[in-house]
Amino acid sequence: MADVDEVEEVDAADEAPDADDVELPTRRHTALAISLVVGLVAAAFVVVLATRDPATDRQGTSPLIGKPAKPLAGETLDGGSFDVGDHRGQWVVVNFFATWCLPCREEHPQLEAFNNEHSQTGDAVLVSVLYENDPDVAREFFDRNGGGWPVVLDGQGLIATAYGVPQVPETYVIDPQGVVRDKLIGGVTKAGIEESIREAEREAQQP
């Protein structure tokens, strides 16, 4: 009988799974599950980035806000001239742009809509400042996409430096007294610019 018991014990030992054999599939399943979760999260993040609306009309900070606007004068793209000082009594919207800048191209129809309306009412003027851009390329852009507002050449970057513009697009809103009231970074919309003007008007009416 002793021999039989020994044989049974040996058989039982042979049939019992090794602890490492049990843990290995478990670890593999856990690692696979974690990988799947991480992959799903990453995919969801990419989808969010790809489908969310681009940021527009974002307010930026600037030491110029609340102070007289810096001089802005020079030759324009069409061979004329522009001087912000000639437009006291009107709101002046100063847009720094370049044709190689995607948000600049995307905001162009909004700027055109703003200019079309307010050039009729006469309460506001729009001016663009060319930022690190070939004037000939900019002329082709305006010929192709429209836009009847002045575009000031800034070949040496002096205007951009005076306004502290590190990248485009950036838009400044100057009140009829010549004071900078707002700075918008990234693309703008017609409604966003008009809301900036209304907000500045409300602030001016407060005691």
Side-chain angles (χ1 to χ4, degrees), residues 56-98 101 103-104 107-131 133 135 138-139 141-143 145-166 168-207:
T56 55
D57 303 318
R58 291 180 294 139
Q59 287 187 307
T61 59
S62 170
L64 299 180
I65 294 177
K67 298 180 180 179
K70 297 291 184 179
L72 197 169
E75 182 184 354
T76 57
L77 200 60
D78 61 0
S81 63
F82 178 88
D83 188 336
V84 71
D86 294 336
H87 295 276
R88 290 294 176 87
Q90 294 175 296
W91 290 89
V92 180
V93 177
V94 182
N95 173 253
F96 289 85
F97 94 106
C101 159
C104 298
E107 72 180 359
H108 187 81
Q110 295 291 321
L111 293 173
E112 187 169 21
F114 178 88
N115 180 70
N116 290 342
E117 179 173 323
H118 292 276
S119 61
Q120 296 294 321
T121 60
D123 61 330
V125 297
L126 171 65
V127 58
S128 288
V129 179
L130 197 60
Y131 182 88
N133 206 173
R139 288 188 190 93
F141 176 84
F142 276 87
D143 288 343
N145 297 283
W149 59 92
V151 180
V152 177
L153 304 178
D154 189 25
Q156 296 182 332
L158 298 180
I159 300 174
T161 299
Y163 278 78
V165 178
V168 290
E170 284 195 1
T171 302
Y172 288 81
V173 177
I174 302 172
D175 72 15
Q177 289 72 47
V179 176
V180 177
R181 291 301 179 188
D182 202 2
K183 172 186 175 180
L184 302 173
I185 56 177
V188 294
T189 64
K190 174 179 180 290
I193 298 172
E194 291 171 343
E195 176 56 31
S196 175
I197 291 174
R198 286 193 296 269
E199 179 63 26
E201 289 174 335
R202 287 192 292 265
E203 291 178 358
Q205 293 172 359
Q206 293 177 357

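Residues take their numbers from the sequence shown, with the count starting at 1.
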Atom pair [atom1]/[atom2] of [X] and [Y] - distance to nearest 0.5 Å:
X: D143; Y: R139; atom1: CG; atom2: CZ; value: 9.0 Å
X: N133; Y: C104; atom1: CG; atom2: SG; value: 9.0 Å
X: L77; Y: S128; atom1: CG; atom2: OG; value: 10.0 Å
X: F97; Y: T171; atom1: CZ; atom2: OG1; value: 11.5 Å
X: W91; Y: S196; atom1: CH2; atom2: OG; value: 7.5 Å
X: E107; Y: T56; atom1: CD; atom2: OG1; value: 10.0 Å

Any salt bridge between R202 and E199, counting N to O under 4.0 Å? yes

Taking all atoms of both residues into account, what is the closest heavy-atom pair of [X] and [Y], and its distance?
X: F114; Y: A124; answer: CZ-CB, 3.9 Å
X: P150; Y: T76; answer: CB-CG2, 4.0 Å
X: A98; Y: Y131; answer: CB-O, 3.3 Å
X: A160; Y: F96; answer: CA-CE2, 3.8 Å
X: V179; Y: G66; answer: CG1-C, 3.5 Å
X: I193; Y: D57; answer: N-OD1, 4.4 Å

Any sub-3.5 Å donor-acceptor pair from [X]'s side-chain atoms to [Y]'s backbone N or O?
X: K183; Y: Y172; value: no
X: N116; Y: E112; value: yes
X: D154; Y: L158; value: yes

With under 30° as parallel and over 60° as perpendicular, where do the rings of W149 and H108 fit, or are they tilted in between? tilted

Less than 4.5 Å apart, side chain to side chain, heavy atoms only: is that true for [X] and [Y]?
X: P169; Y: C101; result: yes
X: D182; Y: Q59; result: yes
X: V129; Y: I159; result: yes
X: F82; Y: L72; result: yes
X: V94; Y: I174; result: yes
X: V173; Y: D175; result: no
X: V152; Y: E75; result: no

Examine the side chains of Q90 and D123 and answer whether a donor and an acceptor come within less than 3.5 Å of each other. no

Any chance the side chains of N95 and E170 put a donor and an acceptor closer than 3.5 Å? no

Determine, step by step, whether V93 and V127 satisfy the side chain to side chain contact (heavy atoms under 4.5 Å, CB included) criterion, reporting the C-alpha distance in whole Å, the side-chain angles of both residues, the deciding distance to 0.1 Å, and the verdict. CA-CA 6 Å; V93 177; V127 58; over 6 Å; no

Dump the intermediate steps for side chain to side chain contact (heavy atoms under 4.5 Å, CB included) on V188 and L111, then the final yes or no. CA-CA 8 Å; V188 294; L111 293 173; 3.8 Å; yes

Of E117, Q110, E195, H118, which meets side-chain hydrogen bond (donor to acceptor under 3.5 Å, both in side chains) against K190? E117

